[in-house]
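Notes follow once the structure below has been shown.
Protein chains get the first letters and strands the later ones, always in sequence-line order, with residue 1 at the start of each. None of the values given here were measured: they were computed from a predicted structure.
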Number of protein chains: 2
Amino acid sequence: MAPTTPRETDAPALGLRELADALEGTPAERGLRERKKRSRRLALIDAAQELVAEHGLDAVTVEMISAQAGVSPRTFFNYFESKDDAVLGAEDAGLPDDVVGTFVDGGPTGRLLSDVQVLVAALLATADEGHDRVRRAVDLVQQEPRLLQRHMAWLDRHQKRLGEIFEARRAAHPFSTDTELLNLLVLMLLRTSLAAWERAGCTGRAADHLPSAVSQLLDLAAGDVAP
Amino acid sequence: MAPTTPRETDAPALGLRELADALEGTPAERGLRERKKRSRRLALIDAAQELVAEHGLDAVTVEMISAQAGVSPRTFFNYFESKDDAVLGAEDAGLPDDVVGTFVDGGPTGRLLSDVQVLVAALLATADEGHDRVRRAVDLVQQEPRLLQRHMAWLDRHQKRLGEIFEARRAAHPFSTDTELLNLLVLMLLRTSLAAWERAGCTGRAADHLPSAVSQLLDLAAGDVAP
DNA sequence: CGCAAAAATGCATCAACTGCAAAAAGTTGA
DNA sequence: TCAACTTTTTGCAGTTGATGCATTTTTGCG
């Protein structure tokens with residue numbers, strides 16, 4: 001019990017509280033409330049994925065999902081905007097700041113495509129964290145094409161941020177590629193990698209299949225320039 | 001015009017005759033019924049686009065749309081699967097058979113990327129037919145991000161067919177690119193071209209902006225191989 | 001005209017989703 | 001421990017999108 005974090009001091013510093021909070025125990029365990037919230041969220045995702053896997057997307061109602069998770073139907077919508085979001089376990093997993101910083105500063109390699117690849121790898125890495133649930137989500141997307149639309153919605157949420165990142169890099173290190181095209185490139189690499197990962201039985205990390213996707217793209221271009 | 005691909009022969013194929021018959025007599029004017037159907041459909045699209053442009057997507061109900069178009073709300077769903085489809089004026093514009101045939105037979109150029117470009121050009125050409133409505137649809141997609149999801153749904157509908165086309169070509173003229181990646185490539189080129197077309201004020205044809213999209217992609221690849 | 005096919009319509013119904021206010025659970029400080 | 005407080009859950013009523021079914025209206029055609 002080393003009192004390194006003085007979080008019981010009452011009066012003193014102004015930022016100490018926030019500092020303590022930041023350093024304190026894993027970001028998910030700061031009180032029963034937070035823990036229950038997280039737990040319920042996961043319970044809802046599990047319930048949704050399980051039921052959909054068994055009965056199909058359209059045959060499952062939010063009422064069933066909430067019942068299985070042991071909460072009221074109304075509570076369901078406190079956690080997710082839509083049924084589909086719950087099935088996908090949609091996290092707003094943001095990009096790590098250091099990765100973004102490096103990219104904006106001209107990226108690790110200085111070659112746009114390679115640097116975008118690093119960006120995508122970072123996105124895939126966050127997906128690896130919730131391995132099981134992501135795997136089930138990817139499986140379900142294969143079976144239920146409607147969910148693919150939500151996948152696009154997920155990109156929408158990040159499109160703004162991605163756009164800003166691309167523009168920021170462009171400012172200091174100009175390139176001619178449309179932001180629009182780059183956004184779609186990210187989606188393409190993401191989906192292709194995830195698809196390959198799933199074909200491989202979801203073993204290892206999804207990012208391992210990223211280089212293959214990129215080289216396919218390069219081959220495609222090379223074959224067109226000098227057949 | 002090297003006739004390496006025997007695709008202009010008349011007699012051989014069995015389904016060709018029926019196809020010709022089906023396409024015969026302007027496809028839209030074979031009786032009052034067909035004409036009315038088409039007219040109502042367009043009226044619904046116009047009503048939907050107009051109302052959404054004015055009030056926003058969420059503030060417009062199918063009841064309003066059908067009222068403005070002068071039909072019953074129930075009839076609306078005889079024409080469209082969803083409100084969003086009506087706003088987008090979603091046509092199931094199929095690819096012309098000759099274009100598909102050429103592509104499957106090794107495509108006009110024999111280079112995969114270039115041939116996909118021709119495929120996309122054909123898709124964009126069908127979009128040019130309903131010039132005004134497509135333009136409004138593109139505009140609305142910019143304003144209402146939710147519609148972008150339906151754009152993805154549109155791809156879904158064609159993804160199966162596209163996949164078959166790619167597989168058919170692959171059988172006789174093997175290539176290593178994933179079908180998944182090619183599907184996304186088509187989407188990328190479509191969206192980038194449409195975006196450029198819209199930035200150019202929707203003048204001329206959307207397909208005119210396709211070469212730029214492709215060359216951007218090539219530049220991206222070239223810059224990565226030999227910086 | 002009169003009959004058959006096709007389309008439009010009315011009606012009942014389900015499910016997704018939202019706002020609101022009351023109740024319950026967690027948190028804080030003395 | 002108790003009592004104010006904040007946050008979250010929950011019930012309820014209501015709107016809207018969407019579908020199935022039966023009925024009526026319209027259209028095509030001899």
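Atom CG of A:Asp98 has more than 12 heavy atoms from other residues, nucleotides or ligands within 6.0 Å. Under a cut-off of 6.0 angstrom, the local environment of CD in B:Glu167 is crowded, with over 12 non-hydrogen atoms contributed by other residues, nucleotides or ligands.
Listed by first and then second residue, the side chain to side chain donor-acceptor pair (under 3.5 Å) pairs that reach into residues 195-206 of chain B are A:Asp178-B:Arg199, B:Arg205-B:Asp208, sequence neighbours excluded.
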Distances under 3.5 Å between nitrogen or oxygen atoms of protein and nucleotides 17-21 of chain C:
{"unit_1": "C:dC17", "atom_1": "OP2", "unit_2": "A:Lys83", "atom_2": "N", "d": "2.9"}
{"unit_1": "C:dG19", "atom_1": "N7", "unit_2": "A:Arg74", "atom_2": "NH2", "d": "2.9"}
{"unit_1": "C:dG19", "atom_1": "O6", "unit_2": "A:Arg74", "atom_2": "NE", "d": "2.5"}

Could you list, one pair per line, each protein nitrogen or oxygen that sits under 3.5 Å from a nitrogen or oxygen of nucleotides 7-9 of chain D, together with the distance?
{"unit_1": "D:dT7", "atom_1": "O4'", "unit_2": "A:Arg33", "atom_2": "NH1", "d": "3.3"}
{"unit_1": "D:dT8", "atom_1": "OP1", "unit_2": "A:Lys37", "atom_2": "NZ", "d": "2.8"}
{"unit_1": "D:dT9", "atom_1": "OP1", "unit_2": "A:Arg40", "atom_2": "NE", "d": "3.3"}
{"unit_1": "D:dT9", "atom_1": "OP1", "unit_2": "A:Tyr79", "atom_2": "OH", "d": "2.3"}

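Here the P atom of nucleotide D:dT19 and the CG atom of A:Asp58 are 10 Å apart, to the nearest Å. Counting to the nearest Å, the P atom of D:dC12 and the CD atom of A:Glu63 are 13 Å from each other. Per the geometry, CZ belonging to B:Arg35 stands 16 Å off C1' belonging to C:dA6, to the nearest Å. Rounding to whole angstrom units, CZ of residue B:Arg146 and P of C:dA16 are separated by 16 Å.
By the 4.5 Å heavy-atom criterion applied to side chains, B:Thr177 and B:Phe166 are not counted as neighbours.
Remark: B:Arg169 qualifies as a cation-pi partner of B:Phe103 under the 6.0 Å distance and 45° angle criteria applied to the six-membered ring.
Side-chain contact annotation: A:Arg40 with A:Thr75, donor-acceptor N/O pair under 3.5 Å absent. Of the N and O atoms on the side chains of A:Ser66 and A:Arg74, not one donor lies less than 3.5 Å from an acceptor on the other residue.
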Item to complete: Go through the steps for B:Phe80 and B:Arg41 under the test side chain to side chain contact (heavy atoms under 4.5 Å, CB included), then give the verdict.
Response: CA-CA 9 Å; B:Phe80 300 99; B:Arg41 180 187 175 78; 3.6 Å; yes
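Distances were taken from every side-chain heavy atom of A:Thr61 (C-beta onward) to each of D:dG17, C:dA15, C:dT27; the shortest belongs to C:dA15.
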